[in-house]
Amino acid sequence: MPLTRFNYYVEGRAFEWIMSISMCIVAVEVFIWPQMGNSTTFKFLREAVSADLLAFVLLFVGGVRCIGLMLNGHTVGLLKIGPWIRAIGSVISAMMWAQFALSLLHLSVQQEFPLPGVTFWTMFTLGELYVAYTTVKNA
Amino acid sequence: MLKELTEALGPWPILQLLFGLAVLGGGIYAIFRGVNTKKEEPTIHLEDRRAEWEAYNQLRNIEENSFKLVELQKQSNELQRQMVDSFKQLAGILWNQPRL
């Protein structure tokens with residue numbers, strides 16, 4: 001049954017899959033529409049890197065996280081690499097979400113009312129940190 | 001005050017760097033915490049191992065006995081067939097007995 005196979009890979013990891021696939025999709029969108037790089041969400045990151053580099057990092061980290069999610073029980077030596085890839089990918093993603101939250105927080109302060117994205121990106125940051133903890137704990 | 005602070009920090013990426021490093025530190029702490037928690041919790045307890053061993057023993061027992069059961073059932077069927085044949089023979093003899 002196809003749902004059984006789907007559940008094998010996705011159950012318990014839905015948040016990670018959603019964030020990883022979203023990263024890949026956004027990266028492709030930025031490649032297609034570079035003006036997306038001027039979005040307020042990317043404000044602080046764009047001050048340091050170009051839109052193409054940002055898209056490349058999103059695509060790379062998202063892709064590596066997807067690979068980590070597919071690796072169930074694969075080992076390099078005695079170390080299960082899947083959970084470690086997922087944990088490190090979560091931490092890197094958390095750093096990016098924190099920058100997005102900070103960008104929107106900066107804008108919120110300027111316009112004197114909060115943007116909804118601040119809450120979402122902040123919670124995503126905390127969620128990714130928790131994912132890093134549980135992934136390694138359950139490895 | 002928050003507005004002035006963010007404007008003052010505008011040209012400098014201090015706040016971004018601080019947040020990034022704070023999240024990185026939190027992530028590394030989370031990973032270390034996860035590794036240590038995993039080390040503290042035993043993956044399987046001794047009683048669980050005993051129960052698992054006993055379960056495998058029972059499975060072996062069942063597997064061995066199932067073959068014996070099949071053999072015994074075949075023998076029982078054969079004996080029953082012989083008994084039925086004997087009853088048929090007896091019935092035939094009784095039916096064909098000359099009536100006085």
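Sequence lines set the chain letters: A, B, ... in the order given, protein chains first and strands last, and positions in each chain run from 1.
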Part of A:L102 lying under 4.5 Å from any heavy atom of chain B: side chain
Portion of A:W84 that has a non-hydrogen atom of chain B nearer than 4.5 angstrom: side chain
Atom pair OG1 (A:T125) and CZ (B:F19), whose distance is rounded to the nearest 0.5 Å: 9.5 Å
Hydrophobic clusters here meaning ILVMFWY residues chained together by side-chain heavy-atom distances under 4.5 Å, can you tell me if [X] and [Y] are in one?
{"X": "A:I88", "Y": "A:Y133", "value": "no"}
{"X": "A:Y130", "Y": "A:I92", "value": "no"}
{"X": "A:M123", "Y": "A:F100", "value": "no"}
{"X": "B:L59", "Y": "B:W53", "value": "no"}
{"X": "A:L126", "Y": "A:F15", "value": "no"}

Looking only at heavy atoms, what is the nearest atom pair of [X] and [Y], with distance?
{"X": "A:K137", "Y": "B:T37", "result": "CD-CG2, 3.4 Å"}
{"X": "A:A132", "Y": "B:I31", "result": "CB-CG1, 4.2 Å"}
{"X": "B:L24", "Y": "A:M95", "result": "CD1-SD, 3.6 Å"}
{"X": "A:V91", "Y": "B:G27", "result": "CG2-CA, 3.6 Å"}

Residues, nucleotides or ligands: over 12 heavy atoms within 6.0 Å of A:E11 CD: no
